[in-house]
Structure formats: C-alpha cells, structure tokens
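Values in this document were obtained by computation on a predicted structure and should not be read as measured data.
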Amino acid sequence: MTETADATNDATNASTENGPAPEGENAANGGGGGAAADDDANKKLYETEESKSIESPPSSAECNSELTMSQKWSNLVLHVHRPILQVIQMVTQLAARNPRWTIASVSLLSFTLIILGFATNFNVDVDENKLWTPFGSLPIQHMDYINDDTSFSAIDPHATFFFHEDGKNVLGHAQVARIFEILQGVQSLPSYDKICSQDSYVDPYENENKNACEIGCVTRFWNNSAALFDETPATDEAVIEILSQNEFPEGTPVKDDMLYGKPVRDSSGDLLTEAQLYYCLFALPDLEDDSQRELEKEIIDYALEKRDEWANDENGFVFRPEIATMRSFSDEFERAILKDLPLVPIVFIVMSVFTSLFFARGHPIYSRSLLGFSAVVSVLLSIMSGFGLMFCCGVPFTSMSQLLPFVMFGIGLDDAFIIMGSYSRTDPKDGDALHRIKTSINDIGIAISLTSLTYVEILRR
C-alpha cells in the first residue's frame with residue numbers, strides 16, 4: 001500500500017511539472033471533464049485581469065518610470081510654460097478688449113515715470129572705475145572703503161603733460177622754452193592762484209614760503225622761473241648740461257625716468273644724450289567742493305589751444321603737448337553720451353518709416369502701416385518707462401545705459417514682426433480677432449517672453 005501511494009504521488013507531481021496533458025490524451029484517459037474545468041478557470045482568470053486593468057489604471061509614477069529622460073524634460077518644460085502663458089494671455093486679452101484704455105494708461109504711465117525720474121534721482125555717472133568693472137567687484141569695494149570709510153587720503157588730483165616730437169630727440173633749448181611757455185600759461189589761468197593757495201604744499205623756491213601747487217618738471221632746474229631760464233645761454237649744449245644734473249637746485253635727487261621718456265646718457269653717465277619725451281606734473285589740491293575740477297578744465301582747454309597753435313608752426317617745428325587730468329576720462333564719457341543722445345530720435349524716425357512701409361499693403365483694409373508705426377511707439381514708451389523707473393530708483397545714467405535704447409528698438413520690433421507674422425498665419429474663419437490673438441500668443445508667446453527675459457538678464461550682468 002505504501003509503494004502504491006508513493007507511485008501515485010510521483011505521477012501527480014510529474015503531470016503538474018509537465019503541464020496539462022494534450023487534449024487527445026485527456027480524452028483517451030477519460031479526462032474530458034477536467035479540460036472543461038481548465039477552460040472555465042482560464043476564462044475567469046482573464047476576466048479578473050481585465051477588470052483589474054479597467055478599474056485601476058496605471059499610476060503616474062508607473063507612467064513616469066516608462067518615460068525617457070527627454071520626455072520627462074519636455075513635460076517639465078510644459079509645466080513651467082503653462083503659468084507664464086496664462087499670464088501673457090490674460091494681459092493680451094485685457095489689452096485687446098480695451099484698446100483705448102490700454103493706450104491711454106500705458107502712455108500716461110510712461111510719461112509719468114520719465115518725468116518723475118528726471119525730477120528726482122537722475123544723475124550721470126562717468127566714473128571709469130565703476131563703468132568697466134563687474135558689479136560687486138572686490139577692488140571697487142576696497143577703493144570705496146579707503147576713500148569713504150577711512151581717513152586715508154585718496155589720490156590727489158593732478159594734470160599731467162607729455163611733450164614730444166613724434167619719437168625724436170627732445171633735448172634742446174627750443175623744447176624747454178616751449179615747456180616754460182606752457183608753465184607760464186597755466187600759472188596765469190584765472191583760478192590757478194585761488195585753487196593752489198589752498199594746497200598744503202609749500203613752494204621752496206618762494207621766499208615768502210606760501211602755499212602753491214607742486215610742479216614736477218624739468219623747469220625745476222631753473223626753480224620753475226622763466227626769468228632764470230632766460231638767463232641761460234640760448235644753446236642746446238648749455239641747456240643739456242643743466243638737464244643732466246643729478247640734483248635740483250634745492251638738493252632733491254633727480255630721477256631721469258620721472259622727467260624723461262627713454263633717457264640715454266653717455267658712457268660716463270654724466271651727460272644726457274637723448275630723450276624722446278618730457279614728463280611734467282601739476283599737483284592740485286583735493287578740495288571738498290571739487291572746485292579744482294574747474295582748474296583742470298581750464299588747463300585742458302589751454303593745453304589743447306597751444307597744441308593746435310604749435311601744430312601750425314611756420315618753421316615746421318613739431319613739438320606737441322599731450323594732456324591728461326583726473327577728469328579727462330569723465331569728460332570724454334560725458335562728451336560721448338551727449339553726442340550719441342541725438343541718435344535716439346533719428347533711430348525712432350528711421351524705424352517708424354521702415355515698419356510703416358513693411359506693413360503697408362496696396363489695399364485700404366489690409367494695409368497696416370499705422371500698426372507698424374504703433375509698434376515703434378510702443379517700444380519708445382517702454383524705453384521711457386524703463387529709464388524713468390531706473391532714475392527713480394537711483395540708478396545712474398552711464399555710457400553703457402545709452403546703448404539700451406538701440407538694443408530695445410531691435411528686440412521690441414523683432415517681437416512685433418514675429419507677433420504680426422503669427423497673427424497673419426491664423427485663419428480669419430476660425431473666429432474673431434480676440435480668438436486669433438489668443439491663437440497667436442499660444443504659438444509664439446513663450447518664445448518672445450523667454451527671449452526678452454534672457455536679454456534682460458544678459459544686460460543686467
């Protein structure tokens with residue numbers, strides 16, 4: 001009995017491992033009822049799986065697990081774009097439904113901001129140290145700390161002259177005589193005595209020991225006195241001998257590199273044989289009211305006047321003075337700003353004509369020249385609003401700021417062309433103007449918005 005039971009169990013396990021027997025074998029063995037039962041079981045199993053698939057769809061996590069990285073990124077971008085597009089649609093639909101109110105309110109806002117900006121915190125910043133360094137630069141922070149937060153004295157104002165003959169040797173009597181001519185002219189300027197009398201430097205060549213502006217130049221060999229220079233024999237040899245001295249009359253050592261450009265002495269080192277440039281410096285006091293800047297302006301004007309005069313020398317004697325002061329860079333920036341400002345209305349006129357002609361059609365209804373002109377006006381109003389808000393917040397106007405109108409005209413009109421092109425591609429039969437505007441914004445709203453934001457971030461940096 002035990003052996004018979006074991007044989008039966010082995011047969012059952014074998015049939016289970018090998019799967020159901022073929023239908024013919026089941027029939028032959030009298031197993032037709034078992035096959036029917038298996039079919040019913042398979043049918044119930046299929047219906048159960050089908051009901052599960054209908055009742056419980058796959059979760060979002062399961063779907064996301066099946067998406068590729070590119071598809072996941074696209075879905076994320078769509079989620080980010082959706083609220084942005086909704087805001088753009090809301091604004092454009094509001095403007096399209098209330099065109100007169102939109103034009104009036106935007107125009108009023110633009111003019112109000114620009115007037116308030118000029119009336120409150122408008123100022124022009126031409127500090128080259130801040131213009132050409134990145135925002136938040138550490139050296140600028142250190143400089144501001146030294147100049148503003150400490151009692152250390154900043155670099156004193158000065159006027160620097162360079163005298164040259166286009167690389168030729170400048171050692172000689174005639175050249176030094178020209179330098180004295182400049183020296184006397186500067187000392188005779190209207191505000192020279194008034195400004196220099198406030199300097200802490202005491203002139204060692206004056207018997208009265210009065211305050212004066214320090215002068216670092218070859219004229220010190222003659223105590224900065226044209227009368228003493230006139231007593232020197234009018235020969236190059238006599239002048240060069242004095243210029244070759246190693247000390248000034250008051251005993252201060254001479255440094256050739258501080259007076260001459262590329263100086264060359266003879267083999268003994270006692271006599272200068274060549275120099276390509278004279279270097280002269282007028283040190284000015286740093287006054288609290290910056291009144292020394294007016295003297296700097298007078299020195300610049302006088303030097304440029306003498307430069308033009310010497311350039312037309314009848315004898316062909318070419319001896320040029322070059323001038324640079326602490327305000328030279330700022331003056332040049334200011335000149336460039338004032339010179340370029342008139343270009344803004346010129347650009348406005350040119351772009352108005354261009355866009356009007358571009359949108360023009362030979363049809364009284366489909367011609368949109370006024371639309372093209374309105375696009376230029378809208379860009380102009382945005383420029384006014386931007387600058388007005390900038391001035392109200394205390395942001396200065398610089399030589400870099402003057403580039404913005406031209407950039408904004410390009411970006412703004414480019415967007416106008418894109419919007420108009422998308423609107424023209426819509427079918428008038430699909431709906432009214434509001435529906436066509438909505439369709440156009442769905443098409444290009446995100447593109448022009450993100451492009452504009454990108455430009456804003458670039459220009460901010």
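By the 4.5 Å heavy-atom criterion applied to side chains, Leu243 and Tyr260 are counted as neighbours. No side-chain heavy atom of Cys213 sits under 4.5 Å from any side-chain heavy atom of Gln292. Looking at heavy atoms from C-beta onward, Phe391 lies out of side-chain contact with Leu116 at the 4.5 angstrom threshold. Considering only heavy atoms from C-beta on, Thr219 stays 4.5 Å or farther from Cys280 through its side chain. Between Ile103 and Arg100, the closest side-chain pair of non-hydrogen atoms is not below 4.5 Å. Side chains of Phe387 and Leu113 form no contact here, defined as non-hydrogen atoms less than 4.5 Å apart. For the pair Phe229/His173, a side-chain contact is recorded, criterion being any heavy-atom separation below 4.5 Å from C-beta on. Two residues are said to be in side-chain contact when any heavy atoms from C-beta on lie closer than 4.5 Å; Ile346 and Leu343 meet this criterion.
For the residue pair Asn223 and Ser225, no side-chain donor N or O sits within less than 3.5 Å of a side-chain acceptor on the partner.
For the atom pair OG1 of Thr355 and CE of Met420, the computed distance is 12.0 Å after rounding to the nearest 0.5 Å. The distance from the CE atom of Met390 to the CZ atom of Phe397 is 6.5 Å, given to the nearest 0.5 Å. Put simply, CG on Leu183 and CH2 on Trp222 are 12.0 Å apart, with the number rounded to the nearest 0.5 Å. Here the CG-CD1 distance, from Leu295 to Ile300, works out to 10.0 Å after rounding to the nearest 0.5 Å. Interatomic distance, Ile419 CD1 to Ile441 CD1, rounded to the nearest 0.5 Å: 5.5 Å.
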Just do the side chain to side chain contact (heavy atoms under 4.5 Å, CB included) check on Phe319 and Tyr278 with the steps written out, would you?
CA-CA 11 Å; Phe319 190 68; Tyr278 288 109; 4.0 Å; yes
Step by step, work out the side chain to side chain donor-acceptor pair (under 3.5 Å) result for Ser401 and Thr398.
CA-CA 5 Å; Ser401 302; Thr398 67; 3.3 Å; yes
Evaluate the criterion side chain to side chain contact (heavy atoms under 4.5 Å, CB included) for residue pair Leu171 and Asp236; output intermediate values, then yes/no.
CA-CA 7 Å; Leu171 298 178; Asp236 292 342; over 6 Å; no
Side chain to side chain contact (heavy atoms under 4.5 Å, CB included) for Leu370 and Phe359? Distances and angles first, verdict last.
CA-CA 8 Å; Leu370 184 59; Phe359 287 112; over 6 Å; no
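Salt bridge Glu309/Lys306: present, at least one basic N to carboxylate O contact under 4.0 Å. A salt bridge is defined here as a Lys NZ or Arg NE, NH1 or NH2 lying under 4.0 Å from an Asp or Glu carboxylate O, and Glu332 with Arg335 meets this definition. By the 4.0 Å N-to-carboxylate-O rule, Arg307 lies close enough to Glu322 to be salt-bridged with it.
Aromatic pair Phe162/Tyr279: ring centres closer than 6.0 Å. A distance below 6.0 Å separates the ring centres of Phe161 and Phe282.
Contact record, Glu298 with Pro190: OE1-CD, 3.5 Å, taken as the closest heavy-atom pair. Counting all heavy atoms, side chain and backbone alike, Leu284 lies closest to Asp199 at C-OD2, 4.2 Å. The shortest non-hydrogen separation linking Met408 to Val379 is O-CG1, 3.5 Å.
Using modelled atom types, no side-chain atom of Ser449 and backbone atom of Ile446 make a donor-acceptor pair closer than 3.5 Å. Between the side chain of Glu181 and the backbone N or O of Ala177, no donor-acceptor pair lies under 3.5 Å. Judged by distance alone, the side chain of Arg327 and the main-chain N or O of Pro157 form no donor-acceptor pair under 3.5 Å. With hydrogens and angles disregarded, a donor-acceptor distance shorter than 3.5 Å links the side chain of Ser328 to the backbone of Thr325. Although no hydrogens or angles enter the test, the distance criterion places no donor-acceptor pair under 3.5 Å between the side chain of Gln187 and the main chain of Tyr192. For Thr120 (side chain) and Cys392 (main-chain N/O), no donor-acceptor pair under 3.5 Å exists by modelled atom type.
Annotation: ring pair (Phe, Tyr, Trp, His ring centres under 6.0 Å) contacts of Phe358 (sequence neighbours excluded): Phe417.
Sorted by first then second residue, the salt bridge (Lys or Arg N to Asp or Glu O under 4.0 Å) pairs that include residues 423-452, not counting sequence neighbours, are Arg425-Asp443.
In this structure, Arg220 forms a cation-pi arrangement with Phe248, its terminal cationic atom sitting closer than 6.0 Å to the ring centre and no more than 45° off the ring axis.
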